[in-house]
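For reference, positions follow the sequence shown, starting with 1.
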Amino acid sequence: MKRFPCHLLIAVALVAACRRPQQSHPVVVLTTQRVTTMGITHSLAEGFHGQTAVPVQVRIVSADDILHAAETRSGAVVVYRNPGLDEELQKRNALRLRNVFAYEDYVIVGPRRDPAHVSTAKSAADAFERIVKRRRVFCSPVDLPVLLDVEHEIWSAADEKPQSGSRYRSCHGNATDVLTHAAGLDAYTVTDRATAEAKLPKQSRVLMRNVPILHSEYVVAQLETANDSSSKSAEWFVEWVMSTRGREFVNELHSSTVPKLYLPGGR
């Protein structure tokens with residue numbers, strides 16, 4: 001399995017800009033619903049096709065479908081944010097190329113005095129369990145699908161679950177609005193790192209960061225293939241994503257509904 005270290009990105013950019021596959025077979029990109037919600041895969045597909053004229057077929061599939069494609073040595077490109085799937089594909093030696101091309105950072109925010117002692121929790125799940133056990137208010141970002149997905153991932157890993165009512169609130173609006181609601185309720189919530197750094201109310205503070213679930217990596221990879229000649233375009237797609245041009249597309253995805261993605265190498 002090949003890897004492209006960050007110091008080779010300039011070289012990769014030159015290769016991606018100058019090289020053309022001998023045959024421009026369509027690139028089949030398998031991606032998960034979670035990545036589709038972020039708009040990542042389709043943006044990359046459009047950017048790659050626009051700069052190379054190579055057709056790209058994006059297919060939204062499950063993790064099991066990706067594992068099946070790996071078994072058949074399809075040579076497809078895969079784009080995912082799924083630590084369990086990534087671990088399984090590497091364990092099976094199913095990846096011809098693999099790179100982390102972006103990552104998300106989320107944080108758990110709460111009152112400065114932290115009555116649930118979230119700041120000393122062992123994990124995000126433990127933090128949420130403490131919020132429930134100590135009967136503290138949690139502010140759910142119901143209008144933000146990506147943040148809501150992160151919240152649900154944490155609850156799924158926690159032994160204690162919230163009950164609808166006065167201590168589990170539906171907080172509407174954008175990420176800044178949710179932080180404001182949470183501060184007014186003396187509540188805890190989850191938000192993205194960029195919003196917390198820019199818009200954190202003075203009554204609140206970041207209590208947990210840089211732990212699994214809150215820190216999530218996006219992987220672009222090419223599955224092993226039984227046909228080298230038909231995999232050149234797929235290989236080129238992976239290299240392009242890691243090039244300067246591909247990184248620019250990822251860097252511009254941030255919007256009011258899509259949390260900022262961070263790029264390996266500090267961009």
Handout entry: Heavy-atom side-chain proximity of Val238 to Val77 below 4.5 angstrom
Key = yes

Smallest heavy-atom separation, Gly173 atom then Val178 atom, equals O-CG2, 4.2 Å

Minimal heavy-atom distance between Ile40 and Leu261, with the atoms involved, is CD1-CD1, 3.5 Å

Do [X] and [Y] pair up side chain to side chain, a donor and an acceptor below 3.5 Å, judged on atom types alone?
| X | Y | answer |
| --- | --- | --- |
| Tyr218 | Arg34 | yes |
| Asp192 | Thr195 | yes |
| Gln90 | Arg92 | no |
| Asp105 | His215 | yes |

What's the spacing between [X] [atom1] and [Y] [atom2] if we round to 0.5 Å?
| X | Y | atom1 | atom2 | result |
| --- | --- | --- | --- | --- |
| Glu235 | Leu97 | CD | CG | 5.5 Å |
| Ser74 | Glu224 | OG | CD | 10.5 Å |
| Asn174 | Thr191 | CG | OG1 | 9.5 Å |

Discussion item. Check the orientation of Trp155 and Tyr168. Use parallel for under 30°, tilted for 30 to 60°, and perpendicular for over 60°.
Written reply: perpendicular

Practice task
Walk me through it: do Phe101 and Trp240 pass the test ring pair (Phe, Tyr, Trp, His ring centres under 6.0 Å)?
Solution key: CA-CA 11 Å; Phe101 68 93; Trp240 180 87; over 10 Å; no

>> Could you check, using the six-membered ring where one of them is a Trp, whether Phe138 and Phe128 have ring centers closer than 6.0 angstrom?
In response: yes

Q) Does the Ser231 side chain pair with the main chain of Ala234, one donor and one acceptor, at a distance under 3.5 Å? A) no

